[in-house]
Amino acid sequence: MILALAGGVGGARLAQGLVQVLEPGQLAIVVNVGDDFEHLGLHVSPDLDTVMYTLGGVHNPDTGWGRAGETWNFLATLGRIGGDTWFRLGDNDLAVHLERTRRLRAGEPLSRITADFCRGFGIAHAVMPATDDRLRTFVDTDAGELAFQEYFVRQRCEPVVRGFRFEGAQGARACAPLAALAAAGAPHIDGIVLCPSNPWLSVAPLLAVRELAALVDAPSIPVVAVSPIVGGDAIKGPAAKIMRELGHPVDVSGVVAHYGRRVDGWVVDERDRGFAAAIEAAGQRVAVTDTMMTGPARAAALARTALALLDALRTG
Ligand code: FO1
């Protein structure tokens, strides 16, 4: 069983590659919920929906989030009557938020709701939130502490980042399906893939869930990370800006240093081949390949490279 830890768009893209290579029983995709928030009375789970829509083949390829071919009648009327339209909710997307909110209010766990929704979108692989408990990412900035979507969408990641807080992390436990996998432990979990998601905004809130951190830190479980920084920049999103603001080198070395010993092997892009020697000198393995997931075939190729590195780490 491979665990893939996924955040936003980059995570969803590699997840789409992994599901082409691994059978449903061989892969579990564990998704960040730190971006979740209550909006217009609805519980919105952006990263879960981005993974679900991408694996369901209905995502908007331009934005990475939301549905392809979406219509915006609800939002247009909301605007006319003075509602908040800064967070764009499409008509098809709305069904997921309404039904998720209804079932959460009925006391159902997010992991069970997610499993049912993914089945509805024809997804055979296991997709689950890291936790069924409340866990929220807050970003400390020069404009004060901001809730995640306030920072990311409303203020377009413009405030200068000083740090992060994952509210609820202390008590947040792995969701039931993940707890079962964690209990099965090393022999059952052959390896972990850290998808090329934002290390600070998406992966950190995943690793704030203690059972997940314990699996990543388990000496007997190899961990491979795909660098989200390519050629000194992020493919999408504010990772490079955040690295600059936190004083990290904005390149592969900055990401490698950030994860430290938690990662046993790195997959870096061809353009970052120059970092391979230093990574290996530090005792980690490295694979150099084209990490641009421009489509499903490229995502599957990158997944194969990451899995091959896990195999190499497992067999030593
Ligand atoms: N991102 C935006 O930049 N603007 C939006 O209006 C927006 C709406 C939205 C609606 C549903 C959803 O699932 C995601 C949405 N996102 C939007 C993306 C979201 O903020 C990010 O995907 C994650 O929170 C970070 O990866």
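As the structure lists them, so they are numbered: ligands from 1, and atoms in each ligand from 1. Remember, it's a predicted structure, so these values are computed and weren't measured experimentally. All values below were derived from every heavy atom in this structure, side-chain atoms included, with hydrogens, water molecules and symmetry-related copies excluded.
Closest to atom 9 (C) of ligand 1 among all protein heavy atoms lies Phe87 CZ, 3.3 Å. Among protein heavy atoms, atom 4 (N) of ligand 1 sits closest to Val153 CG1, 3.4 Å. Among all protein heavy atoms, the one lying closest to atom 21 (C) of ligand 1 is Phe152 CE2, 3.9 Å. Given atom 17 (C) of ligand 1, the protein heavy atom at minimum distance is Trp65 CE2, 3.4 Å. The nearest protein atom to atom 11 (C) of ligand 1, hydrogens excluded, is given as Asp93 OD2, 3.4 Å; this is a heavy-atom distance. Atom 13 (O) of ligand 1 has Pro46 CA, 3.3 Å as its closest protein atom, hydrogens excluded (heavy atom only).
Counting heavy atoms closer than 4.0 Å to ligand 1, residue Asn198 contributes nothing at all. If you look at Gln149 next to ligand 1, the close heavy atoms, those under 4.0 Å, all belong to the side chain.
Salt bridge absent: Glu245 and Arg162 never bring a charged side-chain N and a carboxylate O closer than 4.0 Å. Note on Asp217 versus Arg262: salt bridge recorded, some NZ/NE/NH1/NH2 to OD/OE distance being below 4.0 Å. Residues Arg88 and Asp93 are not paired through a salt bridge, judged by the lack of any N-O separation under 4.0 Å between the basic side chain and the carboxylate. Asp290 has a carboxylate O that lies under 4.0 Å from a charged side-chain N of Arg298, or vice versa, which qualifies the two as a salt bridge. Comment: Glu38 engages Arg136 in a salt bridge, judged by a side-chain N to carboxylate O separation of less than 4.0 angstrom. The existence of a salt bridge linking Glu280 and Arg285 is excluded, since no basic side-chain nitrogen approaches an acidic carboxylate oxygen closer than 4.0 Å.
Each of Arg102, Arg100, Arg103 was evaluated against Glu108; a single residue qualifies, Arg103, per the salt bridge (Lys or Arg N to Asp or Glu O under 4.0 Å) test.
Shown in contact with Trp86 at under 4.0 Å from a heavy atom are these atoms of ligand 1, numbered in order with element: 6 (O). Those atoms of ligand 1 with a heavy atom of Gly8 less than 4.0 angstrom away are 26 (O). Each of the following atoms of ligand 1 lies closer than 4.0 Å to a heavy atom of Asp47: 23 (C), 25 (C), 26 (O). Using a 4.0 Å cut-off to heavy atoms of Arg88, the atoms of ligand 1 that qualify are 5 (C), 6 (O), 8 (C), 9 (C), 10 (C). Of all atoms in ligand 1, numbered sequentially from 1 with element shown, those under 4.0 Å from a heavy atom of Asp35 are 23 (C), 24 (O), 25 (C), 26 (O). In the vicinity of Phe148, heavy-atom distances shorter than 4.0 Å reach the ligand 1 atoms 24 (O), 25 (C).
Between Trp65 and Tyr53, a ring centre-to-centre spacing not shorter than 6.0 Å is recorded.
Minimum heavy-atom separation, Ala4 to Leu27: CB-CD1, 4.1 Å.
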